[in-house]
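Here's the structure, in structure tokens; my notes come after.
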Amino acid sequence: MNDRALHARHRAVLPDWLALYYANPIELTHGEGRHVWDADGNRYLDFFGGILTTMTAHALPEVTKAVSEQAGRILHTSTLYLDRPMIELAERIAQLSGIPDARVFFTSSGTEANDTALLLATTYRRSNQVLAMRNSYHGRSFSTVGITGNRSWSPTTLSPLQTLYVHGGVRTKGPFAELSDAEFTAACVADLKDMLTQTGGSVAALIAEPIQGVGGFTSPPDGLYAAFREVLAAEGILWITDEVQTGWGRTGEHFWGWQAHGQQGPPDILTFAKGIGNGASIGGVVARAEVMNCLDANSISTFGGSPVTMAAGLANLTYLLEHDLQGNARRVGGLLLERLRAIAAPLETVTEVRGRGLMIGVELATPAAATAVLEETRARGLLIGKGGLTGNALRIAPPLSLTVGEAEEGAAILEAALRAAAGA
């Protein structure tokens, strides 16, 4: 009842286009570990983490302690002053990025991080032409909407950029879907080369998610972006890897998603956000110094690099590394993926189970089926996400500290929800 009253207030003052899950939306009031509670006291196993943002655990003591201690000293200074937590976190991220002579700029979100990456690339290359992937999503600002290849999340065709969309982000759909992995990559590279003949050689950058997040956790064969990079590098075109959802070990096999495509070396620009703050508003850009320093005007960030969020990021990154949560994502995620594939095998409503680590997509035959499963899992005490080009994919991305027992519990709930939605 409380949620219905709050929902009415929400509709009275907030935009109609602000998406809400569930026919009767819920208010989450607190969390612990991999669980959250709503305003009516219902407990849920969280398999979505506030859109892949609660990366380690809810109410992680190390993070809450760091935030509390920093808040007791000073909440805000801005980048006009030296900021020790910001410098310390930047040093660690620069080293982890794999980018030589790296510089780090902090923002407040992934959208702003991608916005900054586009500013850097177009300034460095003196061009507003950008290559993006079909079915992609990079944020909700004017420039990032302009490079988003998923119409469901792109409300306008107006843009300051000239965007050309490349094949390859979705392995199982499109004109090359029936090819082998090697043939698929070769066909996508040929398409890229053909597209570049139409641009006059003035493209600024290719921006790509190693695994498409909002697109439903789709991805190309490993090595595709390395093959792209070889073509791009010959033309001086920059490679921007959008690691907002794939970074920090979520894929299990690699710390960054680009490393599955890393034969040609690290990207020119890397963007990050979400999980690094474990709920604190942190985004950022990493680029080699030559690219990062190409801007010839002054700039600051009022909230990027805030002492409180930087303290949260430092504590969270330390916990992640010391507890090998990347390894846990690989082990537990592998078990969960195989369990879900076994569950889906006899169900005609499921067309594909894909992913790696704790980033798993379950594609259903129709958007209505995905919505039905979303409701069924919530009713059974499990929160998951939804995405895909038509909203027909379930997105599963628990905190990286997920236990084997919790993975089994979530899989059992998903099985019951899938069967109920299918009428089985």
Check whether [X] reaches the backbone of [Y] with its side chain - one donor and one acceptor, N or O, closer than 3.5 Å.
X	Y	answer
R395	G213	yes
T111	S141	no
N150	Y137	no
N128	T122	no
N135	G215	yes
N316	V63	no
Q162	S127	no

Do [X] and [Y] come close enough that some side-chain heavy atom pair is under 4.5 Å?
X	Y	value
V145	P155	yes
R140	W153	no
Q245	F217	yes
L358	R250	yes
E376	L418	no
L45	E409	yes
I26	R378	yes
F255	W248	yes

Taking [atom1] in [X] as the centre, count heavy atoms belonging to other residues, nucleotides or ligands within less than 6.0 Å. Is the count above 12?
X	atom1	result
Y21	OH	yes
I300	CD1	yes
L96	CG	yes
E27	CD	yes

Report yes if the distance between the aromatic ring centroids of W256 and F272 is under 6.0 Å, otherwise no.
->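 When the ring centroids of W256 and F272 are compared, they turn out to be at least 6.0 Å apart.
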
Below 6.0 angstrom between ring centroids: does that apply to F184 and H167?
->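 No; H167 has its ring centre 6.0 Å or more from that of F184.
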
Taking atom types as modelled, find out whether S401 and R34 have a side-chain donor-acceptor pair closer than 3.5 angstrom.
->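 On atom types as modelled, these side chains qualify, holding a pair under 3.5 Å.
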
Compare every heavy atom of C294 with every heavy atom of L120, then report the nearest pair and how far apart it is.
->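 Scanning both residues completely, I find the closest heavy atoms to be O-SG, 3.6 Å.
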
Search all heavy atoms of L119 against all heavy atoms of T123 and return the closest pair with its distance.
-> O-OG1, 2.7 Å

Can a salt bridge be assigned to the pair [X] and [Y] using a cut-off of 4.0 Å between side-chain N and carboxylate O?
X	Y	result
D268	R229	yes
E88	R92	no
D222	R356	yes
K173	E363	yes

With under 30° as parallel and over 60° as perpendicular, where do the rings of Y319 and H323 fit, or are they tilted in between?
-> parallel

Please work out whether the ring planes of W239 and W258 are parallel, tilted or perpendicular, with thresholds of 30° and 60°.
->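 Perpendicular.
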
Report the C-alpha distance between T251 and Q259 in whole Å, list the side-chain angles of each, state the deciding distance to 0.1 Å, and finish with yes or no for side chain to side chain contact (heavy atoms under 4.5 Å, CB included).
-> CA-CA 10 Å; T251 67; Q259 291 169 321; over 6 Å; no

